[in-house]
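We number each residue from 1, following the sequence as shown. Note that the structure is predicted; figures quoted are calculated from it, not measured.
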Amino acid sequence: MELFQSEKEEQKLDDSDKGKALRWALEFNSARKNLESWWSISEEIVMRYKDDRSNSTDKSKTLNLFTSNIETMRSMLFGKVPTVDVARRFADAKDDVARVGAEMMERLLNTDIEYGTDGYTAALESALDDRLLVGMGNARVIYNTKFEQQEIPAVLQPDTGAVLVEAYVKDVKVSEDVVVEYVYWKDQLWSPCRTFNDCRWWAFKTPMNREKLIERFGDKGKLVPLNSKNSTNMDNIDGLKNDPWSRADVWEIWDKDRKCVEWYVDGYHEILDYKKDTLELEGFWPFPKPMFAHLTTSSLLPVPDFKIAQDLYKEIDTLTSRIVMLEQAISVRGVGDKSSPEIKRLLNEAAENEIILIENWSMFAEKGGIKGVIDWLPIEQIQSAIATLTQVRQETMGLLYQVTGMSDIMRGQSAQRATATEQSIKARFASVRIQHFQDEFARFASDIQSIKAKVISKFFDPETIYERSNIQYTPDARYAEQAIQLIKSEIPSYRVSVKPDSVSLTDYAALKQERTEVLQSIGGFLQVAGPIMQMQPAMAPHLMRVMQWMIAGVRGGDEVESIFDEAIDQAEEAAKQPQQQKPDPRMQAEQMKMQGAMMQIKAENQSRMQEIQAETMSEAMKQKSQADNNIRETMASEQIKARMAMDKTFPGGSND
């Protein structure tokens, strides 16, 4: 059975280097035809953005609102250096290993951004420019590693000195990095398809000179034809278009169907190199889904924003040209009687406060004076036309803002009576399309970092992850080894994201309000939980875990979770210590009441005893005093009796 011509051609596309080269020649031809119309209009758009009219014969005036709108959009979408947020897919408060792993990966990614070592920020900026201008922006992730040969000494027997293992030379990894590289929109080709998921292959162009070709591809690099542009005529050199040095455009082709990467040069009879999937990523592609403008399911071809509103831009330029022409026509001009040359002198020669004398005044007066011999250009009609054209242009600009999604607030305009809060709300939610654009840009930035995180987890040595994360100087150093193992084995369990508010202009008022609300929530929680923890210390670790769960859901909360971990550990240790059982508050109150009664009784007894003692002492003193009186009385009586006895014995003796 005779084969059709197409089937005969397909038989030539075998797996040999020549067959693969023939296949890519056919694939590239089809891809270029598919992208030709987009390339053509995109080049015109770039020239329009730069207002480049060097190759144009059109000398009309333009009002370049397109450039102004692009600048405004760029400032809104990319107002600061982005920050990466790496979070556990399940924010469990007790999963410390996963939390530390997320923190380590976040440090790795953000450190590269801060120091600019991976080109991420520059790649995002260039890709965003391409998206705003030509409708597609893209960047790719590249894993770079450097090896050096090191001599490994021989292993000897300690006793005999015999050689157990001979000395040998080994390639040792001395450095490794993951960089993000911007891809120019015309340096890409992809298979014609309807959606990105249906794309079979994607190719990137890299110009190489002969030295680079030989270094990368060996002997094949010596035979590759170069795009010879060498010229001794310096006048022919026109920047990038007329690069005077010979190079070859090497295409790096990522073939999703065959899970491989091939290198090919147009016009060369065989491919330069072939490798199996070098990164082994889950989605295969070393780049995220590019930022496309106005895609449909009919074809994977972007439609630039300018094309959607090109008629309005052109109409505004036409109106601007007419307004400028009429403005240039406004001047004091008129026609007059040739027989009255003094009228011409009135405008050309007359000085200030000067009277020009006219011959035959009577005849001049009969003609109606100046009004009778001159007729001025009707400026009023021109002014009316300019006012009408200006109004029409303003209305057209309003339509343009509706089509492009540019609102007044985005251009710094607002109602005179609008409050600051109203302007802030309008600035954030003025256009749903702008919000969607911010989300799309954040998605693109997140996907790049997600691919980078996967490459790091797959290829980076554990020592590199440990050192670059600097985790050894944090309270979480004890979890570092387990966290690295988790990163190397379960990187899909993390969510790598760049949030829109971390890329676009910062709303510091909203950030302050968010943190204030978090602190207020913590304060309210502590007011309720504090007394419980005082009464029942064993509940303290559980209540603190509830607080940690609340903080884990807050942006930036993972940075302070380690503090909660330490506090929980201390609370658990304190709870394990033997605690004296506290009495029942009712019993304690009764005891206090009984103690008070006992103290009162004791005080009364003491007072009674003091009274008794005082009475006893008083009675004793009375008795003693009575006894003393009695003794004195007895002694006095005895003396009297003795004197009376002596008087009887010796009568008259008292006179001696």
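- Gln188 and Met136 get closest at one heavy-atom pair: NE2-CE, 3.2 Å.
- Judged by distance alone, the side chain of Tyr120 and the main-chain N or O of Ala445 form a donor-acceptor pair under 3.5 Å.
- A donor-acceptor distance shorter than 3.5 angstrom exists from the side chain of Thr145 to the backbone of Ser175, with no hydrogens or angles considered.
- Distance check, rounded to the nearest 0.5 Å: CD1 of Ile456 to CG of Leu109 gives 5.0 Å.
- Residues Asp305 and Ala293 come closest through the heavy atom pair OD1-CB, 4.1 Å.
- Between the SG atom of Cys260 and the CG atom of Asp277 there is a distance of 9.0 Å, given to the nearest 0.5 Å.
- Between the side chain of Asn110 and the backbone N or O of Val84 there is at least one donor-acceptor pair closer than 3.5 Å.
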Item to check | Verdict with supporting geometry, Asp439 and Arg443, side chain to side chain contact (heavy atoms under 4.5 Å, CB included) | outcome: CA-CA 6 Å; Asp439 294 340; Arg443 188 275 311 166; over 6 Å; no

Next on the checklist: Working note: Glu43 + Arg48, criterion salt bridge (Lys or Arg N to Asp or Glu O under 4.0 Å); need CA distance, chi angles, decisive distance, verdict.
Outcome noted: CA-CA 9 Å; Glu43 290 176 351; Arg48 171 61 185 260; over 6 Å; no

Item to check | Working for side chain to side chain donor-acceptor pair (under 3.5 Å), residues Arg194 and Ser298 | outcome: CA-CA 5 Å; Arg194 293 183 176 180; Ser298 59; over 6 Å; no

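- Looking at Ser30, its side chain never comes within 3.5 Å of a backbone N or O of Glu27 through a donor-acceptor pair.
- Considering only heavy atoms from C-beta on, Asn138 comes within 4.5 Å of Phe444 through its side chain.
- Phe306 has its ring centre no less than 6.0 Å from the ring centre of Tyr49.
- Between Trp254 and Phe284, the gap from one ring centroid to the other is short of 6.0 Å.
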Checklist entry - What's the verdict on side chain to side chain donor-acceptor pair (under 3.5 Å) for Asp447 and Ser450, showing C-alpha distance, side-chain angles and the deciding distance? => result CA-CA 5 Å; Asp447 289 350; Ser450 179; 5.8 Å; no

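- Side-chain contact check for Arg216 versus Leu272: every heavy-atom pair is 4.5 Å or farther apart.
- By the 4.0 Å N-to-carboxylate-O rule, Glu252 lies close enough to Arg140 to be salt-bridged with it.
- In this structure, Arg200 is not positioned above the aromatic face of Trp190 in the sense of NZ or CZ being under 6.0 Å from the six-membered ring centre and within 45° of the axis.
- A salt bridge between Asp129 and Arg74 is present, with a side-chain N of the basic residue lying under 4.0 Å from a carboxylate O of the acidic one.
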Next on the checklist: Between Glu36 and Arg32, is the salt bridge (Lys or Arg N to Asp or Glu O under 4.0 Å) condition met? List the steps.
Outcome noted: CA-CA 6 Å; Glu36 186 176 358; Arg32 287 191 174 101; over 6 Å; no

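- In this structure, the side chains of Ile451 and Pro288 come closer than 4.5 Å at one or more pairs of heavy atoms.
- Using a 4.5 Å heavy-atom threshold, the side chains of Gln310 and Ile45 count as separate.
- Annotation: side chain of Pro290 is in contact with side chain of Trp202 (closest heavy-atom distance under 4.5 Å).
- Within the 4.5 Å cutoff, side-chain heavy atoms of Val46 are placed close to those of Val134.
- Of the possible polar contacts, none joining the Asp177 side chain to the Val179 backbone as a donor-acceptor pair under 3.5 Å is found.
- Considering Leu65, Asp317, Thr404, Leu400 as possible partners of Leu312, the one that fulfils the side-chain contact (heavy atoms from CB on, under 4.5 Å) test is Leu400.
- Side-chain polar atoms of Thr195 and Asp198 form a donor-acceptor pair below 3.5 angstrom.
- Taking 4.5 Å as the limit, some side-chain heavy atom of Val224 sits within range of a side-chain heavy atom of Arg210.
- For the pairing with Val250, the side-chain contact (heavy atoms from CB on, under 4.5 Å) check across Met208, Lys212, Lys205 returns one residue only, Met208.
- Atom CD of Glu395 has more than 12 neighbouring heavy atoms from other residues, nucleotides or ligands inside a 6.0 Å radius.
- For the pair Lys256 and Trp201, the NZ or CZ position fails the cation-pi test of under 6.0 Å to the six-membered ring centre and within 45 degrees of the ring normal.
- Within a 6.0 Å sphere centred on NZ of Lys259, other residues, nucleotides and ligands contribute more than 12 heavy atoms.
- With values rounded to the nearest 0.5 angstrom, Ile323 atom CD1 is found 11.0 Å from Thr318 atom OG1.
- Atoms NZ and CD, from Lys275 and Glu262 in turn, are 13.0 Å apart once rounded to the nearest 0.5 Å.
- A ring pair (Phe, Tyr, Trp, His ring centres under 6.0 Å) with Trp185 is found for exactly one of Trp38, Phe292, Phe204, namely Trp38.
- Distance check: Asn34 CG to Ser299 OG gives 6.5 Å after rounding to the nearest 0.5 Å.
- Of the inter-residue distances, the one linking Met397 atom CE with Tyr313 atom OH reads 10.5 Å to the nearest 0.5 angstrom.
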Next on the checklist: Checking Thr67 against Asn64 for the side chain to side chain donor-acceptor pair (under 3.5 Å) test, could you report, in this order, the C-alpha distance in whole Å, the side-chain angles of both residues, the deciding distance, and whether it holds?
Outcome noted: CA-CA 6 Å; Thr67 301; Asn64 207 342; 3.1 Å; yes

Checklist entry - Would Phe437 and Leu77 satisfy side chain to side chain contact (heavy atoms under 4.5 Å, CB included), going step by step from the backbone distance to the final call? => result CA-CA 8 Å; Phe437 209 152; Leu77 296 171; 3.9 Å; yes

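- Residues Arg322 and Ile386 fail the side-chain proximity criterion, which asks for heavy atoms closer than 4.5 Å.
- With hydrogens and angles disregarded, a donor-acceptor distance shorter than 3.5 Å links the side chain of Glu106 to the backbone of Val86.
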